[in-house]
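What follows is one structure encoded as structure tokens, with my remarks underneath.
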Amino acid sequence: MDFTLSPEDESLLAATRRYARDVLRPAADRLEAVTSPEEFPWDLMEEGTALGLKALPLSPELGGRGADMVVQALVTAELAAGDVGAAYFFRHYWRFARLIPRLPEPVRDLVVKGITSDNRFVPASASTEELAGSDNALPYDAPGHGAMLEARREGDGWVLDGSKSMITNGGIASLYFVLGRTDAGVGIRSGATMFAVPASIPGVTVGPLYRKLGQRGSPQADVAFDRVRVPLDFAVSEVGSGYASTERGLIAANVTNAGLSLGVAEAAYEEALDWSIDRVQGGVPIHRHQLVAHDLGWMRYQLDAARSYLLQAAWRYSHAEPFNPEWSWGVRVFCADMAIEVTRRAMFLFGGRGMMGGYRIEKLVRDALTLTHGNGTSAILTARLGAHQADARIDSRAISREASEIAAGTAAGAGARAGAGTTHEVTAEVRRG
Ligand SMILES: Cc1cc2nc3c(=O)[nH]c(=O)nc-3n(C[C@H](O)[C@H](O)[C@H](O)COP(=O)(O)OP(=O)(O)OC[C@H]3O[C@@H](n4cnc5c(N)ncnc54)[C@H](O)[C@@H]3O)c2cc1C
């Protein structure tokens, strides 16, 4: 595993760091103040767009950099150290850029042109509904559960009816990827399909932006679809395979979500380190108190461990075949938990001021707390990891049993694996997601 970056990637990271430090970070108040789509600070995103950040994983032939997941994760962390909401804005494009090889032509054209040449093109991914949150991430695979927005064939198109909740970029998005139920008689794994829906189509309406604990520069809103009609080739997954398509996207997004957490936590640590040198109590700068030095050391090695985990998960995503999604679930949860604990300890080193508005550490604590729900809650992703481990063990036991039975010349072996390992099937396809 080699994490050495090319000179071009090194200079992209340095430019991203400067942009995050000099443009995004000083604009924290503006980003925090976004309460309606009209207030979204487009101008702050211009420099990042000019750096090519929206098109990072897009292939060079299509106008991108073809960056692997290691570069994507590191760029995300740099951006998030400036402002996590702005980081979320840029890395949200990557999920759609990765989908390009799978998209039907008209949607592919919309996405490629949008990412490369339209500053106001914003994609959004809409799965969550009022009654379907975790049921989309750890499916209870039965009729009536998971996303139920109705999608039905009518003549030469699809008609969508229903609504989605807490959709990132709701209100500023120009293109929604919407998970609809095409067969209500079966579970979500085979009964859902993903559709591309331009925001300008009649029947798409957006509710007010949510007021949120942290990550306030990244807007969320509920989005309603009232008899919204799209052409047949705006179904962007195979009919009935929308869940698998969502899953692939989320497995990739988990890795960059871990980068968001790392960036927020690094920023908190930097704040705490400087503060501990400048703040004098007990006659000395507080870092000279052993308990404070202990906290600084603890934070540093947590950050270093998280960075190593992230680099390894990212490298495996881009270069190991097959990719085991456990890396994506685990690193997303580990880094989110680490960010919460590091920002909390950093805040405590500020004493009472850590809780006061105007001190950056207070914002970073709030930002960290919002990183536990992206792409499924931390609890759900951890449970998936555990279940995947158990399935793999059951599978490998069945394989050993089958091998011994074949060696012993008994016939039962061939059936021994039936039903084992039901959650493995995402692995082989995942990299191309
Ligand atoms: C900042 C932010 C951005 C978001 N952006 C988007 C977006 O762009 N698109 C989108 O579609 N959604 C988005 N969401 C929604 C997000 O995906 C959901 O919040 C998440 O999937 C959890 O669903 P829920 O909120 O309905 O919680 P619920 O599913 O109601 O969960 C409530 C609690 O029950 C637990 N729980 C639920 N089911 C189980 C189970 N089977 N076993 C054990 N515990 C369980 C959960 O861990 C949680 O603690 C976003 C959310 C946030 C906070």
Side-chain angles (χ1 to χ4, degrees), residues 31-32 34 80 83-96 99 122-142 145-149 160 162-181 187-188 192 194-197 199 206-207 209-225 242-243 245-247 249-254 256-257 260-261 264 329 332-333 336-337 339-340 366-388 423:
L31 284 155
E32 286 260 297
V34 173
D83 184 89
V84 72
Y88 211 103
F89 176 80
F90 285 107
R91 55 71 83 187
H92 214 55
Y93 287 87
W94 305 343
R95 178 160 169 201
F96 299 86
L99 275 175
V122 178
S125 169
S127 298
T128 306
E129 298 176 7
E130 193 178 344
L131 300 180
S134 301
D135 281 353
N136 293 330
L138 178 64
Y140 176 51
D141 196 26
H145 296 273
M148 291 303 294
L149 178 141
L160 273 55
S163 61
K164 295 290 181 182
S165 305
M166 298 183 276
I167 304 309
T168 296
N169 289 341
I172 63 165
S174 40
L175 186 67
Y176 291 94
F177 275 31
V178 181
L179 189 65
R181 200 64 165 247
I188 192 170
M194 185 68 80
F195 297 92
V197 181
V206 182
L209 299 192
Y210 280 94
R211 288 175 55 241
K212 209 162 68 267
L213 175 69
Q215 213 187 125
R216 290 178 177 166
S218 168
Q220 278 79 31
D222 295 346
V223 186
F225 301 83
Y243 172 77
S245 168
T246 310
E247 171 95 310
L250 294 184
I251 281 172
N254 283 331
T256 47
N257 270 9
L260 295 174
S261 295
V264 169
W329 297 321
R332 167 22 207 101
V333 175
D337 286 352
I340 290 171
R366 289 189 285 102
D367 286 342
L369 280 166
T370 62
L371 294 167
T372 52
H373 278 58
N375 309 341
T377 66
S378 291
I380 293 291
L381 299 184
T382 307
R384 292 202 66 178
L385 203 163
H388 200 260
T423 57

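Counting convention: from 1, in listed order, for ligands and their atoms alike. Quantities reported herein were computed from a predicted structural model and do not represent experimental measurements. Along the sequence shown, the residues carry numbers beginning at 1.
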*Thinking salt bridges, do Glu32 and Lys212 make one under a 4.0 Å N-O criterion?*
no
*If only atom types and distance count, is the side chain of Lys164 paired as donor or acceptor with the main-chain N or O of Leu179 below 3.5 Å?*
yes
*Is there at least one pair of N or O atoms, one from Ser125 and one from ligand 1, spaced under 3.5 Å apart?*
yes
*Have Gln220 and Thr168 got a donor and an acceptor in their side chains that come within less than 3.5 Å?*
yes
*Does any N/O atom on Thr128 come nearer than 3.5 Å to any N/O atom on ligand 1?*
yes
*Side chains of Arg332 and Ser378: do they bring a donor and an acceptor to under 3.5 Å?*
yes
*asked:* For the backbone of Glu130 and the side chain of Ser165, can you confirm whether one donor and one acceptor N or O come within less than 3.5 Å of each other?
replied: yes
*Quick one: look up the protein heavy atom nearest atom 1 (C) of ligand 1 and list residue, atom name and how far away it is.*
Gln220 NE2, 3.7 Å
*Does any N or O in the side chain of Asp222 come within less than 3.5 Å of the main-chain N or O of Met166, such that one atom is a donor and the other an acceptor?*
yes
*Protein heavy atom under 4.0 angstrom of atom 35 (C) of ligand 1, is there one?*
no
*Would you kindly say whether Tyr176 and Asn169 are connected by a side-chain donor-acceptor distance under 3.5 Å?*
no
*asked:* Would Thr377 count as a polar contact of ligand 1, with the cut-off being nitrogen or oxygen pairs under 3.5 Å?
replied: yes
*Could any protein non-hydrogen atom be found less than 4.0 Å from atom 45 (C) of ligand 1?*
yes
_For Met166, the ligand 1 atoms whose distance to one of its heavy atoms is below 4.0 Å_ = 4 (C), 5 (N), 6 (C), 7 (C), 12 (N), 13 (C), 14 (N), 19 (O), 25 (O), 50 (C)
*Hey, is ligand 1 close enough to Ser134 that some N/O pair sits below 3.5 Å?*
yes
*Ser127 pairs by side chain to side chain contact (heavy atoms under 4.5 Å, CB included) with which of Thr246, Leu149, Val178, Ile167?*
Thr246
*Cation over ring face, Arg95 and Tyr93, 6.0 Å, 45°*: no
*asked:* With nothing but distance in play, are any N or O atoms of Ser127 less than 3.5 Å from an N or O of ligand 1?
replied: yes
*Hey, is atom 8 (O) of ligand 1 under 4.0 Å from any protein heavy atom?*
yes
_Side-chain (Arg366) to main-chain (Leu213) donor-acceptor, under 3.5 angstrom_ = yes
*Give a yes or no on whether atom 30 (O) of ligand 1 lies under 4.0 Å from any heavy atom of the protein.*
no
*Starting from atom 42 (N) of ligand 1, locate the nearest protein heavy atom and write down its residue, its atom name and how far away it is, to 0.1 Å.*
Ile380 CD1, 3.9 Å
*asked:* For ligand 1, which is the ligand I care about here, please tell me if Thr168 has any N or O atom under 3.5 Å from one of the ligand's N or O atoms.
replied: yes
*Ignoring hydrogens and geometry, is there a side-chain-to-backbone donor-acceptor pair from Arg216 to Asp367 under 3.5 Å?*
no
*Interfacing atoms of ligand 1 (cut-off 4.0 Å, heavy-atom, Ala379)*: 47 (O)
*Does atom 49 (O) of ligand 1 have a protein non-hydrogen atom under 4.0 Å from it?*
no
*Return the residue, atom name and 0.1 Å-rounded distance of the protein heavy atom closest to atom 41 (N) of ligand 1.*
Leu138 CD2, 3.9 Å
*How far is atom 52 (C) of ligand 1 from its nearest protein heavy atom, and which residue and atom name does that atom have?*
His373 CB, 4.5 Å
*Nearest protein heavy atom to atom 24 (P) of ligand 1, by residue and atom, and its distance?*
Gly133 CA, 4.0 Å
